[in-house]
There are 2 protein chains.
Amino acid sequence: MSDDARPRPVTRADVARYAGVSTAVVSYVLNDGPKAVAPLTKERVLDAVRVLGYRPNLAARALSKGQADMLGLLVNDNRNPFFAELCHALDQASADRSKQLLIVNSDRMQVTTSEQIRDLVSRQVSGLIIASVLTAGEQALVETLNIPTVMIGQFGDTDGLAGVGVDFAAGARMGVEHLIEHGYTDIAFIGSAARHDGRERGWREALGAAQLTPGALVHTTFSYEGGYDVGQQLARGDALPRAVLAASDQIATGLLTALRQGGVRVPEDVAIVGFDGTTAVDYVWPRITTVVQPREQMAETAIRALLEPDTVPRYVEFATQLRVRESCGCSVTD
Amino acid sequence: MSDDARPRPVTRADVARYAGVSTAVVSYVLNDGPKAVAPLTKERVLDAVRVLGYRPNLAARALSKGQADMLGLLVNDNRNPFFAELCHALDQASADRSKQLLIVNSDRMQVTTSEQIRDLVSRQVSGLIIASVLTAGEQALVETLNIPTVMIGQFGDTDGLAGVGVDFAAGARMGVEHLIEHGYTDIAFIGSAARHDGRERGWREALGAAQLTPGALVHTTFSYEGGYDVGQQLARGDALPRAVLAASDQIATGLLTALRQGGVRVPEDVAIVGFDGTTAVDYVWPRITTVVQPREQMAETAIRALLEPDTVPRYVEFATQLRVRESCGCSVTD
DNA sequence: CTGAAAGCGCTTACAG
DNA sequence: CTGAAAGCGCTTACAG
């Protein structure tokens, strides 16, 4: 049995003493620089590290370097499936570059988002990833903070911060065009009331290009519930659209559920196309056809934008892809 | 316009100088101790803080205190809806106690779980929350680390670590009993191959108590796909169980989707009860009846177990609740 | 190739 | 009630 309660943790001084070198040398070995170390000395140090079970104190290193090898991630709500998948991808991508992700939900009641941003910076994160919508004030704050920052998922290139995302309008057009190919002419859009949602614009554009009158335009919250509420109203009313483009998979899922609960058939009565490409919409029935955002690529690019800004353009817009399932009326053999 | 590139951040020395006090006093004010400060002096310090826009360097504080005001959370995959919700609840609960959560996915390829645990500790987290299953070796490691640790969601009280979770067996019994009340007698269980899953035991116990022969016992992975695969096999075969208890909502959802895709009606042909109580299963159709784990309470208790261990028993087992929807055969007016 | 030493920005016993 | 100073455990210019 080993002793418990090892009161004083092993420090680099212990390692230096054990290996018979200076503490500087221990650092050189552990960090592979900035100075070279003789092979034999290096061996002795590594041995000491092994024997003593030494682990660097990362808080000390962070203080010394002014940087904690962490990246701060601000997300509105990590439970949202799309953002959960994005968080996961970001976690992997930052781990690839040996950074930890400090994830913070901005829907906290107790503290303002600005406060959270400041706290992240106080912790010496080397960069900020913003996966939620900022107010003008919050954005101004970030800019004065003078820390590498990238917006992900949503950004306007009017502002000063770097951004990674998809072309919402093109994605929406793709979805609507697919519905048009099915022969539907009455195509509604369900999305948020945000001022300039590219998805809403893309919906409109695709209909215009096909000489179709826009169908109903419904604004709701970005959540299962938002879609569900709309679905209930539609199911009760008498003016069902023939097809719907939903601005998110969550909305699409809530909509689908309410419609079916209300006895409306999907896709026979109402066809649905979602947006995001989350895994979850492949596990409802009918499975939801959706516009896929390439989240691994987005995550990878966002991390690069932070750590190697010169290798990445200021704004990166990825193309989306249509994942065809049954909710649009296609019959998929799978 | 304000200057950009503020090279040297404001430190507590600047504040002290501006306020005409020592740096110690600044600390006393900012930390409300350990010494009292005269009201007027305090005012001057707070003023200086405001004017200079001072923010403490949390890495320095962490080094000094040997503790970073962070809690490390190890989760297998934050995309799993139940764990996403648990992470969110833990985030809120730790924010209530002004700790940040350092979330780490243990499904990373590049690095072992033990390595991740060590890294968390190196970062001076003041506690560890383990929301994933540890190997014996990993668990032994955690114990030698001598840091406050709590397992959440899953724990065996044979081991040395504190734990918070639900009574899996009782929860499963509750689910099965509900299916029995519906009059079903052929009730299957779909879960993992883990050695001692309380849910499997509870299923068996409830059937035994009702003098019913256990139905099929199917082992699969804990994922949408695991449930989907089983559902496809069942739909193709000719031996459909009349009812199923799934060990997780994800399994239940995958199962439901595959069954419906295969033309099997739920609940008319096969009734389903899930486990976890995630939000998502309220947004599939039919909505899935599920055994709810009280995740806010669990999260709150886990955080308390770490920060105020004396106020919490070593093992806390919460009761589950049945959330009745349509998948079991109930008709819910909602 | 190696070491002595200053510095990072806090906290906190100790003295007054 | 306040301050001077040591200490936390690293990194890294500087000197040799």
Side-chain angles (χ1 to χ4, degrees), chain A residues 6-46 48-49 52-70 118-119 121-126, chain B residues 6-46 48-49 52-70 118-119 121-126:
Chain A
R6 186 182 301 177
R8 200 176 61 79
V10 180
T11 72
R12 132 246 80 161
D14 301 317
V15 174
R17 201 173 309 122
Y18 188 97
V21 298
S22 74
T23 60
V25 169
V26 178
S27 279
Y28 300 155
V29 171
L30 260 31
N31 303 333
D32 255 328
K35 303 281 168 153
V37 174
L40 265 74
T41 317
K42 189 171 179 171
E43 258 334 301
R44 265 188 301 147
V45 170
L46 291 176
V49 167
L52 300 178
Y54 169 69
R55 294 243 109 201
N57 177 327
L58 263 22
R61 175 200 290 237
L63 171 59
S64 199
K65 304 194 63 162
Q67 187 262 92
D69 280 325
M70 294 196 293
R118 284 186 212 275
D119 184 86
V121 173
S122 297
R123 287 182 191 278
Q124 312 299 109
V125 298
S126 30
Chain B
R6 185 181 301 177
R8 200 176 60 79
V10 180
T11 72
R12 130 246 79 161
D14 300 318
V15 175
R17 202 172 309 122
Y18 188 97
V21 299
S22 73
T23 61
V25 169
V26 178
S27 279
Y28 301 154
V29 171
L30 260 30
N31 303 334
D32 254 327
K35 304 280 170 155
V37 174
L40 265 74
T41 316
K42 189 170 180 174
E43 260 332 302
R44 266 190 298 147
V45 170
L46 291 177
V49 167
L52 301 176
Y54 169 69
R55 294 244 110 201
N57 178 325
L58 264 22
R61 174 199 291 236
L63 171 59
S64 199
K65 304 194 61 160
Q67 190 260 90
D69 279 326
M70 294 196 293
R118 284 187 212 275
D119 184 86
V121 173
S122 298
R123 287 182 191 278
Q124 313 298 110
V125 297
S126 29

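To find a chain, count down the sequence lines: A is the first, B the second, and so on, and within it residues start at 1. Side chains are part of it too, since the values below use all heavy atoms of this structure and drop only hydrogens, waters and symmetry mates.
- Across all strands shown, A38(B) has heavy atoms under 4.0 Å from sugar-phosphate atoms exclusively, and none from any base.
- Y18(B) is linked by a side-chain contact (heavy atoms from CB on, under 4.5 Å) to A48(B), V51(B), L52(B), counting only residues two or more places apart in sequence or in another chain.
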Next on the checklist: Evaluate Q124(A) against L58(B) for side chain to side chain contact (heavy atoms under 4.5 Å, CB included), listing each step before the verdict.
Outcome noted: CA-CA 7 Å; Q124(A) 312 299 109; L58(B) 264 22; over 6 Å; no

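- Under the side-chain contact (heavy atoms from CB on, under 4.5 Å) criterion, D69(B) pairs with R123(A), R61(B), Q67(B), K99(B), sequence neighbours left out.
- At least one side-chain nitrogen or oxygen of T41(A) sits closer than 4.0 Å to the OP1 or OP2 atom of dT2(C).
- With sequence neighbours excluded, the residues forming a side-chain contact (heavy atoms from CB on, under 4.5 Å) with V29(A) are V25(A), V37(A), K42(A), V45(A), L46(A), listed by chain and number.
- Put simply, the side chain of N57(A) does not reach to within 4.5 Å of the side chain of T11(A), judged on heavy atoms.
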Between the protein and nucleotides 7-9 of chain D, list the N/O to N/O atom pairs that are separated by less than 3.5 angstrom.
from: dG7(D); atom 1: N2; to: S64(B); atom 2: OG; distance (Å): 3.1

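- Here S27(A) does not reach the OP1 or OP2 of dC10(D): none of its side-chain N or O atoms lies under 4.0 Å away.
- Minimum interatomic distance between L63(A) and A59(B) (heavy atoms only, all atoms of both residues): N-CB, 3.9 Å.
- Residue pairs meeting the salt bridge (charged side-chain N to carboxylate O under 4.0 Å, His left out) criterion with at least one member in residues 19-28 of chain A: none, sequence neighbours excluded.
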What N/O pairs connect the protein and nucleotides 14-16 of chain D at under 3.5 Å? Give each pair on its own line.
from: dC14(D); atom 1: N4; to: K35(A); atom 2: NZ; distance (Å): 3.3

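- dT12(C) and dG16(C) have their C1' atoms separated by 16 Å, given to the nearest Å.
- In this structure, CZ of R44(B) is placed 14 Å from P of dC1(D), rounded to the nearest angstrom.
- Here the closest heavy-atom approach between residue D14(A) and residue P9(A) is recorded as OD2-O, 4.0 Å.
- Of all non-hydrogen atoms in Y54(A) and L30(A), the two that sit nearest each other are CE2-CD2, 3.5 Å.
- In this structure, the side chain of N31(A) does not engage the main chain of Y28(A) through any donor-acceptor pair within 3.5 Å.
- Going from atom CD of Q124(B) over to atom P of dT11(C) covers 15 Å, rounded to whole Å.
- One atom, CG of L58(B), and another, P of dC10(C), lie 9 Å apart when rounded to the nearest Å.
- Atom CZ of R55(B) and atom C1' of dC10(C) are 15 Å apart (whole Å).
- Remark: DNA chain C forms stems of 3 or more consecutive Watson-Crick or G-U wobble pairs, all pair distances under 3.5 Å, at C:1-3 with D:14-16, C:5-12 with D:5-12, C:14-16 with D:1-3.
- The OG atom of S126(B) sits 8.5 Å away from atom CE of M70(B), with the distance rounded to the nearest 0.5 Å.
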